[in-house]
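Working notes, beginning with the structure itself.
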Amino acid sequence: MKTIDKIYINGEFITPQGTEYFNLISPTTNKKLGKVLLGNQKDAQNAIAAAKEAFKTFSKTTTEERIQYLQNIKVAIEKRKSEFIDVMVEEYGGTLQFATMSYDFMLKGFDSIIDLLNTYDFTKIMGESEVQMTPLGVVGIIIPWNSSNGFICSKLSTAIAAGCTSVIKPSEMSAQQTQLISECLHEAGLPKGVFNIVNGLGEIVGAEISRNPDISKISFTGSTNVGKIIAKEAVETMKRVTLELGGKSPNIILDDANLNQAIPLALIAAYMNNGQACIAGTRLLVPENSLNKVKELVKEIVTKTIVGDPKNATTAVGPMVNTKQYERVQSYIQIGINEGAEILIGGLGKPEGLEEGNFVKPTVFINVNNQMRIAREEIFGPVLSIITYKTEEEAIEIANDTTYGLQAYVSSSDEKRAHKVASQINAGRVQINGIGHDPMAPFGGFKQSGIGREFGTIGLEAYLEPKALIK
Ligand code: NAD
């Protein structure tokens, strides 16, 4: 049983002033793993004050110094690979496969931001003027539980690259993962106050970060609802915001696609990270006359999909993060049934033998139309809706008929055709015949999937304020 009773402020692990404990529960067994002592508003204020003080000198560091700090962090994280993977599996229920991939991405992210720093010009000439790209100030980093350390690393490394200091509020459910990354960041030997980490509740610590006038920017990943609350608070003091929010990503299978490749890929896109992924391809758009073949393939693959203990190397779908999330997914499966959609495979209840954890049967609905709630709302679990279309134009129309626009997928045996379709989809990223991540390309959402972009030059510039010197 672990007790996490420290937060990280001004270069030190300290006991928070908050007195409330939050229980850490295993998603796989629902047994208690430990507890975390939560920070309060005063802790958040102290963290912000430390970051504000550190900004005075950190904002003046050279690119070389920042690169060195980023390298130090990478080295510290490299030393503890197995712990990073194990704690994600244990605390969050991410599968071993997914946790290993996340760790690799997290590490590679440091190389990308270092590469960018090596080429990025912080002083430019625009028109006849000199434009200085200056660090924005103290950044509030607020993140969800579904890839906690991955988000801390991508956001914090960009803040460091820009010369900003940070206050990080992870999800209270990720406390063990947070403890591990805090230890690595501490070991990296950054100047005190450059990063501060406060465990705590969203309505208390998160709300203070959103309101506090000494925070200049918020980089938030989480639900669209909370993103809206944060944006409203932030505008009072004109904080810059980058909001990475929810999604309901369409996956268009064109009529010339190789179904034997496209359908297995579609199921990976739908069920990645146990379906708890903002970029999950949860609306599968298939040509009407391919439906029978698609149904056959989907059934065959989902039957073979291993659901269970995330520690096992062959498990493809682990548990939902907590019982609340399990209940939420169950309620959406019930909504789908009530709306008249038909279950092709899966359905309500837990898979046999997995009654203790928050396991959901990977579920696929057919006879779905795009107006149903299961096709419009983010479920955040392994539930896929198959929607048929008659023409390519109709497929694009359905794909774009959503309030979201984070990611989309297109499969075709003709790359040019796939490219043409992809160009007509309103989403921040469109994956053509695959699932990949380009750390130099922007990531973020159209419409209610967010504001702004992360990664690459566009992501870095979101932490910088341009200043023109006009002679
Ligand atoms: P959430 O929005 O409930 O919480 C995210 C973070 O915000 C947590 O740290 C939480 O404590 C904090 N928070 C809650 N209320 C707050 C408030 N009033 N003020 C300030 N902070 C507050 O999201 P979640 O349930 O942790 O994660 C799932 C959601 O995250 C899904 O909607 C998913 O789509 C989204 N997500 C988006 C991306 C992306 O990159 N676009 C990636 C992963 C997850």
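Note that ligands are numbered from 1 as they come in the structure, with each ligand's atoms numbered from 1 the same way.
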**Complete:** If you compare Ser148, Ser171, Gly202 by their heavy atoms, the one closest to atom 19 (N) of ligand 1 turns out to be Gly202
**Request:** Please lay out, stage by stage, how Arg376 and Asp401 fare under the test salt bridge (Lys or Arg N to Asp or Glu O under 4.0 Å).
**Result:** CA-CA 9 Å; Arg376 303 202 78 75; Asp401 178 13; 3.0 Å; yes
**Prompt:** Which is it for Met320 and Gln276 under the side chain to side chain contact (heavy atoms under 4.5 Å, CB included) test, yes or no, and what are the steps along the way?
**Reply:** CA-CA 8 Å; Met320 302 296 94; Gln276 299 170 126; 3.9 Å; yes
**Asked** Taking Gln177 as the fixed residue, which of Glu83, Glu90, Glu91 is the one that meets the side chain to side chain donor-acceptor pair (under 3.5 Å) rule?
**Response** Glu91
Indicate yes or no: does an N/O atom of [X] lie under 3.5 Å from an N/O atom of ligand 1?
X: Lys169; value: yes
X: Asn146; value: no
X: Thr221; value: no
X: Glu378; value: yes
X: Val226; value: no
X: Ile143; value: yes

**Prompt:** Protein heavy atom under 4.0 angstrom of atom 4 (O) of ligand 1, is there one?
**Reply:** no
**Item:** Candidate pair Gln179 and Glu183, rule side chain to side chain donor-acceptor pair (under 3.5 Å), full reasoning
**Value:** CA-CA 6 Å; Gln179 178 66 24; Glu183 288 169 16; 2.9 Å; yes
**Prompt:** Below 4.0 Å from any atom of ligand 1, is there a heavy atom belonging to Ala207?
**Reply:** yes
**Complete:** Under 4.0 Å from one or more heavy atoms of Cys278, ligand 1 contributes atoms 34 (O), 36 (N), 37 (C), 38 (C), 39 (C), 40 (O), 41 (N), 42 (C), 43 (C), 44 (C)
**Item:** side chain to side chain donor-acceptor pair (under 3.5 Å) between Asn23 and Lys35, intermediate numbers included
**Value:** CA-CA 4 Å; Asn23 286 333; Lys35 59 183 182 175; over 6 Å; no
**Fill in**
Closest to atom 41 (N) of ligand 1 among protein heavy atoms sits Leu245 O, 2.6 Å
**Reference residue Val198; test side-chain contact (heavy atoms from CB on, under 4.5 Å); the match among Asn46, Asp43, Ile168** = Asp43
**Request:** Would you kindly say whether Lys31 and Ser26 are connected by a side-chain donor-acceptor distance under 3.5 Å?
**Result:** no
**Asked** For ligand 1, which part of Ile209 has a heavy atom less than 4.0 Å away: the side chain, the backbone, both, or neither?
**Response** neither
**Asked** Which value, rounded to the nearest 0.5 Å, describes the distance between Thr315 atom OG1 and Phe359 atom CZ?
**Response** 8.0 Å
